[in-house]
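A short worksheet on the structure shown next.
FYI, side chains are in, hydrogens and waters are out, and symmetry mates aren't considered; it's all heavy atoms of this structure.
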Amino acid sequence: MLKQANRLRRRQDFRRVYQRGKALKCRAFVLCFRPAARGAVRVGFSVSKKLGKAVERNRVRRKLREAVRLELAAFASGYDYVLIARLGAKEETVESLRRQIKKLLKTSGISPRTRA
RNA sequence: CGAGUAAGCUGAGCGGACGCGGCGCGGAGACCCAAAAGGCCCGCGCUGAGGAAAGUCCGGGCUUCACAGGGCAGGGUGCCGGCUAACGGCCGGUGAGAGUGAUCUUAAGGAAAGUGCCACAGAAACAAACCGCCUAAGCGCGCAAGCGCCGGCAAGGAUGGAACGGUGCGGUAAGAGCGCACCAGCGGCCGGGUGACCGGCCGGCUAGGUAAACCCCACCCGAAGCAAGGCCAAAUGCAGGCGCACAGUGCUGCCCGUCCUGCCUGCAUAAAAGGGCCGCAGGAGGCGGCUGGCAACAGCCGCACCAGAUAGAUGUCCGUUCACGACAGAACCCGGCUUACAGGCUUGGCUCGGCUU
RNA sequence: GCCGGAGUAGCUCAACUGGCAGAGCAGCUGAUUUGUAAUCAGCAGGUUGCGGGUUCAAGUCCCAUCUCCGGCU
């Protein structure tokens, strides 16, 4: 679990990221991001019912959150992010998710130092 | 020893590191916000999913609508007694069915209130005569045997899931509950039981199936749901309609009756600006003991307080043990039902079979 | 949280009050054609999602369950 400050919580924030942000995808998830007014890293998660029943969805979300927590330094502050789990996320481990996050953030073109 | 049957319990453990929700205590920036409330941050302590949390199939509590009115429709339940806040649940019994048995299953009221249906086959599917059996009585013909007419019968055959009680004896022209005995079913009386029902005696001899077809009878059901609903802060405008009629009074429909308001309806306005708080977890609750009861359950006493989120908390890593871990995640609460489930455990339980004494 | 609808041949759909599960397309075989298409004739293809029950008889009625689709808040 992330701290409250690092969470994306409002429905409108999600919508803003979906509509006006950029999206990158890999096997396990889609990463959407968008510059925000505040200077913090805020991440939201989306796991649809397509992934399975409540227990399975919880497991996927927790693995994603743990991976994000461990890689929090790699995220550029001043941006809002949303991770949308895909069907492949069920087979991933936390370690493999961390690698995919790092890879996607590198290709995103924004680095932690630019807006720290 | 083997096979079975019944009731119940459990649902990986221990240690460490990094994290998260809630509560309590302490602290801090002057960060979010128009402001209040609240949020964000740091430290410590305590605490943090299930037996099904699931499906949403029933029943309640709670809240609002008018403290919930009447009728018709509509829906549900359906052997008896009890338990319960209530139930379509549970317990105990009755009948029926299955099993060698322990035991299990059971929507199990009414078919002489009425209607419908019973395909094909068959003469006929609720009142029938195709094949068949008979020719006693009556009439005609004939010397007679006999033939014909008028008829009688439902035993046998055939069809069907089902054919107007079954078996046997008597009876008859042939037959038939026509008579008798037993069995099944029906009605009455007597006895037992709170009752479903059971037992006995007597009577008249006969009534097809289907109500998970319509229906009849008995009993029950107002509706919507915590995004219910209430409070705080901010904002209070525009458009339309009505005057003794109109509008609303919440959704399974219609009608009647009646209450309330004077204004009502729509939009801005509810997924708004980061809105917030209550509802919200002390309960028909849990654990232990005693008493009453065959039991479900009830009463009394004692003990502890045991999730409460709102993008929604249990995860990751390391070590270790073993039978290598199933189904599965609270969202207002509770009682049931149903469904899913790796494995493990308990019972001075019960039944059947084999062997030994 | 609440409430609806559907499941039938490989595909798209029928089957009224329970009474032999059917049609079109697709498939296969044959005919026609030099050959193909079209056309004609014929054939095969079904645990009616799954499991129970009621009934003489169930796609149809009742109960339970699975999957999919949709709606309201």
Side-chain angles (χ1 to χ4, degrees):
Chain A
M1 194 65 193
L2 299 165
K3 290 174 184 173
Q4 291 283 346
N6 293 330
R7 289 187 216 168
L8 196 63
R9 311 213 303 183
R10 301 192 64 252
R11 183 180 174 81
Q12 222 185 8
D13 292 338
F14 275 81
R15 273 228 297 259
R16 208 173 295 157
V17 173
Y18 292 150
Q19 288 171 1
R20 276 176 267 175
K22 293 178 179 175
L24 298 167
K25 58 189 176 183
C26 65
R27 200 168 57 222
F29 55 86
V30 178
L31 177 69
C32 300
F33 62 96
R34 182 187 169 275
R38 255 166 293 282
V41 176
R42 295 196 307 170
V43 186
F45 301 89
S46 174
V47 184
S48 79
K49 274 194 174 174
K50 206 187 289 182
L51 274 288
K53 295 192 174 186
V55 171
E56 259 180 299
R57 294 201 305 272
N58 278 344
R59 192 157 45 231
V60 167
R61 196 182 64 247
R62 283 162 183 163
K63 281 194 287 194
L64 281 173
R65 272 201 310 235
E66 181 66 13
V68 168
R69 186 179 73 87
L70 294 168
E71 293 299 328
L72 203 58
F75 285 83
S77 53
Y79 281 87
D80 287 343
Y81 304 86
V82 176
L83 269 76
I84 305 166
R86 307 177 72 187
L87 231 61
K90 291 202 283 190
E91 278 77 36
E92 303 292 331
T93 65
V94 170
E95 276 306 309
S96 66
L97 288 173
R98 287 178 69 176
R99 282 197 299 273
Q100 294 183 43
I101 286 170
K102 276 193 280 194
K103 199 171 146 198
L104 280 193
L105 286 174
K106 206 181 276 180
T107 54
S108 71
I110 52 175
S111 78
R113 299 190 189 86
T114 45
R115 293 185 65 150

* Closest heavy-atom contact between A:C26 and A:Q100? -> SG-OE1, 2.8 Å

* Asked: Are OP1 or OP2 of B:A313 and a side-chain N or O of A:R61 less than 4.0 angstrom apart?
  -> yes

* side-chain hydrogen bond (donor to acceptor under 3.5 Å, both in side chains) against A:R99, all qualifying residues, sequence neighbours excluded -> none

* Asked: How far, in whole Å, is B:G21 from B:U310 if one measures between their P atoms?
  -> 9 Å

* Watson-Crick or G-U wobble partner for B:U105, using a 3.5 Å limit on both distances? -> B:A96

* To do: Please state the C1' separation for the pair B:A119 and B:A98 - nearest whole angstrom.
  => 33 Å

* Structure fact -> C:G10 -> Watson-Crick or G-U wobble partner, both distances under 3.5 Å, gives C:C25

* **For C:G22, glycosidic torsion class - syn if within 90° of 0, otherwise anti** => anti

* Could you pick out which residue, A:V55 or A:E95, lies toward the 5' side of RNA chain B when each is mapped onto its nearest nucleotide? => A:E95

* To do: Starting from the 5' end of RNA chain B, give me the residue, A:K63 or A:N58, whose nearest nucleotide shows up first.
  => A:K63

* To do: Answer syn or anti for B:A311, where the cut-off is 90° from 0 on the glycosidic torsion.
  => anti

* Taking the same atom, P, in B:A227 and in B:A311, what whole-Å distance lies between them? -> 13 Å

* Integer angstrom distance from the P of B:C23 to that of B:A309 -> 6 Å

* Taking a pair as Watson-Crick or G-U wobble with both distances under 3.5 Å, which nucleotide is matched to B:C141? -> B:G146

* Quote, to the nearest angstrom, the C1' distance that separates C:U73 from B:A224. => 12 Å

* **Any A:R65 side-chain nitrogen or oxygen under 4.0 Å from OP1 or OP2 of B:C18** => no

* Asked: Where does B:A323 fall, syn or anti, if syn means a chi angle no more than 90° from 0?
  -> syn

* Rounding to the closest angstrom, what is the interatomic distance between B:C333 and B:G55 at atom P? -> 14 Å

* Expressed in whole Å, how much space separates the C1' atoms belonging to C:U8 and C:A21? -> 8 Å

* Asked: Within a strict 4.5 Å, meaning less than it, do heavy atoms of the A:K90 and A:R59 side chains meet?
  -> no

* Salt-bridge criterion met for A:E66 and A:K63 (N-O under 4.0 Å) -> no

* Just jot down the side-chain hydrogen bond (donor to acceptor under 3.5 Å, both in side chains) partners of A:R61, sequence neighbours excluded, or say none. => A:N58

* Whole-Å C1' distance, B:A121 and C:G19 -> 13 Å

